[in-house]
Structures are given as C-alpha cells and as structure tokens.
Amino acid sequence: MMDAEDGRTQTTQGIWMAKAIGIEPFIVAIDVEGSDSRERGQGGATFEKQSAVFALAIADIVIINMWCHDIGREHAANRPLLKAVFEAMLRLFRLRKTTLLFVLRDQTKTPFERLELSLSGDIEKIWAEIPKPDAYKGTPLGDFFKVEITALPSYEFEEDKFKVKVDRLRQRFFHSISPGGLAGDRRDAQPASGFAFRAEQIWKTIKENKDLDLPAMEVMVATFRCDQIAKETLSRLSSDKTWLALRQDVQARKAPKFKKSIKSILEKTLSQYDMEAIHFKESVRDDKRKELETEALQVLYPAYAAMLRHLRSRALKFFKTRLIKKVKRASRVGFEASIDSTVQYAMDKFEKESRDVSISKVWDASAAKENLFSEIETTKYKAKNQIL
C-alpha cells in the first residue's frame, strides 16, 4: 500500500520473498512489483509480463490486487496483464491448476455478487479471445485455473472492517493444500529443497526471453538436486561410525555377521537418499539412486576384499591340513587323484563362502580365487615332490 504522506509513489520494486509467519503449512509469500507504475515507465509492460510468468511458474496461488472501481475498464482492470498471464499459462505446459485469487479493494455499494459476475464475465471473455494452440482450442478456463474472487472494504475509511476481512482471507491460507483448499490440486508439486535453484533458473530463462518449458525445467532441477543429495549421502557414508568400525574390525579378523552388517549400512545410505529425494521426478531420482548405489558399493568394497583375504587364508589352511593327512598315509597309487579332489573341495568351499558374504553381483571375487588357486597349486606341487 502507498504511504499517503509520501505521495503516490511506488512502494515495491522488483520481486520480494519471505516466509509467511504463523501459517501452516509452510508458505513463501512473494510480493511482485505492481503493474503500471510511473517509476517503471515504458519498461513496465515488459517487467509486468516477466513477473507474471514468473509468478505463474512457481506459485500455487496468485493474488491479483484490483481496485473495485476499475472493473469493466480496459486497462485499469489489468486486462492486458490477464491476457499476458493466460498466454503464458498456455506456454508453461503445467499439469495442475493455479489458483487466481482476485482481491477487489475499496468495495463500493455495488453488491458483491454483481461485481463477481462482471469480473467473471471479463475473465472468461479474455480467455476466449486469446489465440490458443490446436491442442487447447475449446479448452475451458477451469482446466487451467481455479478462479476465486473476494472483496475488501476501504482501509482508509473502514479500517476496522478492512482488518476483519483481511484476517478472514488469511484464514483461508491455513491448510490451503488440503483437498478442497485454496491452493487447488498438487499434481506436480515440487520439493522445497529445489525451490531456490528452480526459481533462479526460471527467472534466468524468462529474462533471456526464452520459451519456459517447465517439464524440462523440473528435470533439470531434479537432476541438480538429486545429484547434490547423492553426493551429500555418499559423504555421510564415508564418515559413518558404524561403517568405520566394521572396516577396522574386518582388517583384523573375519568379522561375524559381516553380510548383515554391511547390507544394513548400504540400506541405511540408500534410505537417507530416498527420504530427501522422494518428491523429485521419479525417473531422475531412480537413475541417481542407481549411481549412488554403485558408488556406495565401491566405498564398501575394501571391507569385502578384506573378508576375501580371511576366507582365502582359511581355505588354504583347510587344504594344507587335509594335505598333511593324505601325505602321511599316501601311496603312489591314487595319490594325485585324491589331492585333486581336495583341491576342488577347497576351491568350492571358498567360492561358496565368498558368495555368502557378498551383497552385490558387481563385487568380484575372481582375483582372490585365482590367488588361492595359485597358492594351492604351489603347495600341491611341493607335496607331490615328496611322494613321487
């Protein structure tokens, strides 16, 4: 509102944002510079359209502030602005409705019903007149917008009534995203964590006078945020106390319940990502989750490699014990065949145990298996030289 003592001057410059105080759910209030200001001059129309498109692109509810006496007038009633708004909406390809809340200031003695009827007729007429792509020809206004109209008495002459009416209007913003609430449907609602980046990219696109393809914009924001979330989650894994304790334990010994422990660590990591990324575009979210899982498995792999060393050592020890017994009662006849069966048993035992402690098909035990086989063959060769 203009300050009467300062004369009739512009009060809002540009676009301001702040958290709405005391309203649930969390609401960001965006104050857009008024249209048709003297200070903005001839450039006002351009900024007016840019700010209108920006508001439509990010807001659930767009409040259009109108002077009651302007209803029916060509320019004062924001007809050019409404045309720009409607044309922009057709280019945005949004899946959900935006609520247009018209607030009529300084209500006159004209019954509200008459004002509402007149304004609704103007809105429908503007919608019918604007050119539409073939896909939207004949589409009713209600498919794109939920239109609400309310009126306020004069603040200057009826301040108490004005404040009561404003308070009632404010109450409508409580639980506005509930079914039937002021915000309408929420089919493509975006996560708050991506809001700042999304708003910045949307404004940049508008300023560059490029077509604003919101679905593509949502993919870009989802890609950026999911990648960010994945990196943060991976960083937390690297310093996770449970993981560090397991990694240290498995270096010294064959850790009991290794598979259960390391699987729990991986699941916790992926669960953290899922909680933060759940509201972003599913295809992008799932792709980044797969990348995160691959990278997390790389972080956890050294513990698996340490377990393989313990299993390899155990399998070799098992083979040597069996070999010593065979050497003691060995004879040339059938000795080599007996040794070969022991080799196969030891290798099968290692392969089974290495599978039992693995949590992923990408974890490869082939190198450890080859090393074990080489060690067994060396031991076998020495034993054969003693007998043959």
Side-chain angles (χ1 to χ4, degrees), residues 226-278 280 282-324 339-381:
C226 288
D227 186 59
Q228 201 173 48
I229 293 168
K231 287 178 180 177
E232 291 168 357
T233 305
L234 198 65
S235 177
R236 286 196 294 268
L237 169 62
S238 299
S239 57
D240 182 80
K241 291 182 179 179
T242 305
W243 155 239
L244 294 176
L246 177 64
R247 188 178 67 178
Q248 185 176 3
D249 186 33
V250 79
Q251 294 298 325
R253 60 174 182 147
K254 179 180 175 292
K257 299 181 180 179
F258 172 82
K259 183 174 183 177
K260 182 180 179 181
S261 298
I262 204 160
K263 185 178 181 182
S264 174
I265 292 169
L266 178 63
E267 288 174 349
K268 177 185 174 183
T269 299
L270 296 177
S271 177
Q272 288 174 345
Y273 169 84
D274 290 339
M275 287 176 63
E276 293 188 50
I278 188 170
F280 288 104
E282 184 177 3
S283 58
V284 176
R285 182 182 74 222
D286 290 350
D287 286 345
K288 289 296 176 183
R289 189 184 195 274
K290 289 174 184 175
E291 291 177 17
L292 171 63
E293 183 173 6
T294 299
E295 291 175 356
L297 286 169
Q298 290 173 355
V299 171
L300 300 175
Y301 181 79
Y304 176 64
M307 275 297 288
L308 291 180
R309 287 195 295 273
H310 293 306
L311 295 176
R312 192 183 82 202
S313 176
R314 196 164 92 158
L316 183 61
K317 184 178 180 181
F318 166 82
F319 174 75
K320 287 179 177 179
T321 302
R322 289 289 185 94
L323 184 62
I324 290 170
I339 291 293
D340 288 343
S341 67
T342 305
V343 170
Q344 189 61 49
Y345 187 87
M347 294 303 298
D348 289 346
K349 178 180 175 62
F350 171 79
E351 191 166 354
K352 180 182 181 304
E353 290 181 345
S354 64
R355 282 198 309 268
D356 288 344
V357 296
S358 175
I359 59 170
S360 172
K361 292 179 180 179
V362 302
W363 278 2
D364 186 14
S366 59
K369 185 178 178 181
E370 288 175 9
N371 289 337
L372 173 61
F373 185 72
S374 177
E375 290 170 330
I376 285 177
E377 284 295 302
T378 300
T379 305
K380 171 185 163 184
Y381 177 77

### Query
Are Phe318 and Phe350 close enough that their ring centers fall under 6.0 Å?
no
### Query
With Arg312, which of Glu370, Glu351, Glu375 fulfils salt bridge (Lys or Arg N to Asp or Glu O under 4.0 Å)?
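Testing each of Glu370, Glu351, Glu375 against Arg312, the sole residue satisfying salt bridge (Lys or Arg N to Asp or Glu O under 4.0 Å) is Glu375.
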### Query
Could you go step by step and tell me if Glu353 and Val357 meet the side chain to side chain contact (heavy atoms under 4.5 Å, CB included) rule?
CA-CA 7 Å; Glu353 290 181 345; Val357 296; over 6 Å; no
Using a 4.5 Å cut-off on heavy atoms from C-beta on, say whether the side chain of [Y] contacts that of [X].
X: Phe319; Y: Leu372; result: no
X: Thr269; Y: Trp243; result: no
X: Lys257; Y: Lys263; result: no
X: Leu292; Y: Ile229; result: no
X: Lys259; Y: Ile359; result: yes
X: Val299; Y: Glu295; result: no

### Message
Once rounded to the nearest 0.5 Å, what's the spacing between atom NZ of Lys254 and atom CG of Leu308?
### Response
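Lys254 NZ to Leu308 CG: 11.5 Å, rounded to 0.5 Å.
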### Task
State the CZ-CG distance between Arg289 and Leu270, to the nearest 0.5 angstrom.
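The distance works out to 4.5 Å.
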When you measure from the side chain of [X] to the backbone N and O of [Y], does any donor-acceptor pair fall under 3.5 Å?
X: His310; Y: Ala255; answer: no
X: Ser313; Y: Arg309; answer: no
X: Ser358; Y: Ser354; answer: no
X: Tyr273; Y: Leu234; answer: no

### Task
Check the pair Phe258 / Asp249 against side chain to side chain contact (heavy atoms under 4.5 Å, CB included), numbers first and verdict last.
CA-CA 10 Å; Phe258 172 82; Asp249 186 33; over 6 Å; no
### Residue pair Asp348, Lys352: steps toward the salt bridge (Lys or Arg N to Asp or Glu O under 4.0 Å) verdict
CA-CA 6 Å; Asp348 289 346; Lys352 180 182 181 304; over 6 Å; no
### Task
Assess whether atom CD of Gln248 is packed by more than 12 heavy atoms of other residues, nucleotides or ligands within 6.0 Å.
no
Minimum heavy-atom distance [X]-[Y], with the two atoms named:
X: Ala277; Y: Cys226; answer: CB-SG, 4.1 Å
X: Leu297; Y: Ser360; answer: CD1-OG, 3.4 Å
X: Ala296; Y: Leu266; answer: CB-CD1, 3.8 Å
X: Gln251; Y: Pro302; answer: NE2-O, 4.3 Å

### Message
Please enumerate all residues that pass ring-ring contact (aromatic ring centres under 6.0 Å, His included) together with Tyr304, with sequence neighbours excluded.
### Response
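Once residues adjacent in sequence are excluded, the partners of Tyr304 under the ring-ring contact (aromatic ring centres under 6.0 Å, His included) criterion are Tyr301, Trp363.
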### Under-4.0 Å salt bridge between Arg236 and Asp240
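Salt bridge: no.
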### Message
Check Glu293 with Lys290, please: is the shortest side-chain N to carboxylate O separation under 4.0 Å?
### Response
no
